[in-house]
**Student:** 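Here it is: the structure, laid out below.
Throughout, protein chains are lettered first and strands after them, A, B, ... in sequence-line order, and every chain is numbered starting at 1. Below, all heavy atoms of this structure are taken into account, side chains as well, without hydrogens, waters or symmetry copies.
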Number of protein chains: 2
Amino acid sequence: MHSDPVASRSADPKDSRESKNGGGPQLDAVSLAIIEQLQEDGRRPYAAIGKAVGLSEAAVRQRVQKLLDQGVMQIVAVTDPLTVGFRRQAMVGVNVEGDVESVADALTAMTECEYVVMTAGSFDLMVEIVCEDDDHLLEVINKRIRAVPGVRSTESFVYLKLKKQTYMWGTR
Amino acid sequence: MHSDPVASRSADPKDSRESKNGGGPQLDAVSLAIIEQLQEDGRRPYAAIGKAVGLSEAAVRQRVQKLLDQGVMQIVAVTDPLTVGFRRQAMVGVNVEGDVESVADALTAMTECEYVVMTAGSFDLMVEIVCEDDDHLLEVINKRIRAVPGVRSTESFVYLKLKKQTYMWGTR
DNA sequence: CTTCTGCTTGCGGATTTCGCAGGAGCGGGG
DNA sequence: CCCCGCTCCTGCGAAATCCGCAAGCAGAAG
């Protein structure tokens, strides 16, 4: 099917150039190297980073600040959700009739949706849900997600065990 | 003397039994609050965190260090993979015959697998793949994953657009 | 040629990090 | 009961880092 609503880049009025994915190009090798350093340790001092990538401390500071301001990267603490009290997670595949992007926006607005991605394949959207317990999960999937206009059907994959979760893009 | 923005540690030591899962060193309310601070800004100074959670700078430093050592949390830079040069991503559902965990371990060992989780539902495993281009993705899915002993079948969902990616567990 | 952008060096002061020396609270023996 | 070991917190200097600023330089673009 070619009428897929993938053509967001031309028709979407609020498609700003700073949008998260479409436009984040100009990343040279040095910025890449800086990001790699911060992926190993988000608190590494600027001077140490500068030594590693061949830049002065001030230059690293400026580039990191710009990367942060541009939203290209963020420095945050990440945890295993189970450890912080969220016991039920699930990946939900969603089939949509009509505009996929508007449905995606609606799901993005839900705090329980940690991860929303438009996909090709037998699902139009994949959504990761993080909840506190079974009741919470049930409510989100059956009441909230399926209530979104355009959602045709959903299929749920409840997490049994998280085996791997890394943040090492670019550190290969 | 500090006020008490968060519940005192004497709340209830065995708040709720949970450590059954993949490793839940009981986290009290103060550590939770510290994590929340660092989820907003991974570089926030210890003194500022201490002011927010009602602890001294040194105490915050020790607790953060312990959380890091225990692997409960990590402070890292996260980016949109598209921005750093990985143009093809996919979620892959895997069906397994035999021991699911051994297959999961094999997939975990692959650098291209960013995310591996055992699930209930029509897939036994869900795996997120991050690749540089189409050839790379094709090779990983068709040559490497399907070559793992015990893999019965796979279904791929190629990412078209990443809509949301947050790391705000506990910050609700 | 001029402008603009980005990097470097250098500087000083404010801030933060870090190690270490106590001290308080809490069970478990003797 | 008291002592001991343990854990966690606090306080305090010393060292390192962060941060803003200024002047000079080089390359790219107009």
**Student:** Between C1' on D:dT17 and NZ on A:Lys51, what's the gap in Å once rounded to a whole number?
**Tutor:** 13 Å
**Student:** With clusters defined by side-chain heavy atoms of hydrophobic residues (ILVMFWY) lying less than 4.5 Å apart, directly or transitively, does A:Ile49 cluster with B:Val84?
**Tutor:** yes
**Student:** In whole angstrom, what separates A:Arg43's CZ from D:dT17's C1'?
**Tutor:** 12 Å
**Student:** Please identify the 5'-most and 3'-most nucleotides of DNA chain C with any atom under 4.0 angstrom from a heavy atom of chain B.
**Tutor:** C:dT16 to C:dG19
**Student:** Let me see the working for B:Asp41 and B:Gln37 under side chain to side chain donor-acceptor pair (under 3.5 Å), right down to the final yes or no.
**Tutor:** CA-CA 7 Å; B:Asp41 176 8; B:Gln37 293 288 317; over 6 Å; no
**Student:** Counting only N and O atoms by type, is there a donor-acceptor contact under 3.5 Å from the side chain of A:Asp124 to the main-chain atoms of A:Val100?
**Tutor:** no
**Student:** Give the rounded distance in Å between these two atoms: OH of A:Tyr46 and P of D:dT17.
**Tutor:** 13 Å
**Student:** Counting any heavy atom closer than 4.0 Å, what does A:Gly50 reach on the DNA or RNA strands: base, sugar-phosphate only, or nothing?
**Tutor:** nothing
**Student:** D:dT10 P sits how many Å from B:Gln62 CD, rounded?
**Tutor:** 9 Å
**Student:** A:Arg61 CZ to D:dG20 P: how many Å, rounded?
**Tutor:** 7 Å
**Student:** Could you state the CD-C1' distance from A:Gln65 to D:dC18, rounded to the nearest angstrom?
**Tutor:** 12 Å
**Student:** Tell me whether the guanidinium CZ or amine NZ of B:Arg88 lies under 6.0 angstrom from the six-membered ring centre of B:Phe157 and within 45° of its axis.
**Tutor:** no
**Student:** Rounded off to whole Å, could you give me the CG-to-C1' distance for the A:Leu68 and D:dC19 pair?
**Tutor:** 15 Å
**Student:** Please check the phosphate of D:dC8 (OP1 and OP2 only) for any side-chain N or O of B:Lys66 closer than 4.0 Å.
**Tutor:** yes
**Student:** Which residue, A:Gly54 or B:Ala58, contacts DNA chain C at a nucleotide closer to its 5' end, judged by nearest heavy atom?
**Tutor:** A:Gly54
**Student:** Determine whether A:Phe123 and A:Met91 satisfy the following criterion, side-chain contact (heavy atoms from CB on, under 4.5 Å), listing intermediate values before the conclusion.
**Tutor:** CA-CA 12 Å; A:Phe123 295 127; A:Met91 186 68 72; over 6 Å; no
**Student:** Would you say B:Lys164's side chain and A:Thr108's backbone share a donor-acceptor pair under 3.5 angstrom?
**Tutor:** yes
**Student:** Using a heavy-atom cut-off of under 4.0 Å over every strand shown, decide if A:Ala59 touches base, sugar-phosphate, or nothing.
**Tutor:** sugar-phosphate
**Student:** Can you tell me how far P of D:dC18 sits from CD of A:Glu57, to the nearest Å?
**Tutor:** 7 Å
**Student:** Considering non-hydrogen atoms only, spot the tightest contact between A:Arg152 and A:Val96 and give its length.
**Tutor:** NH2-O, 4.1 Å
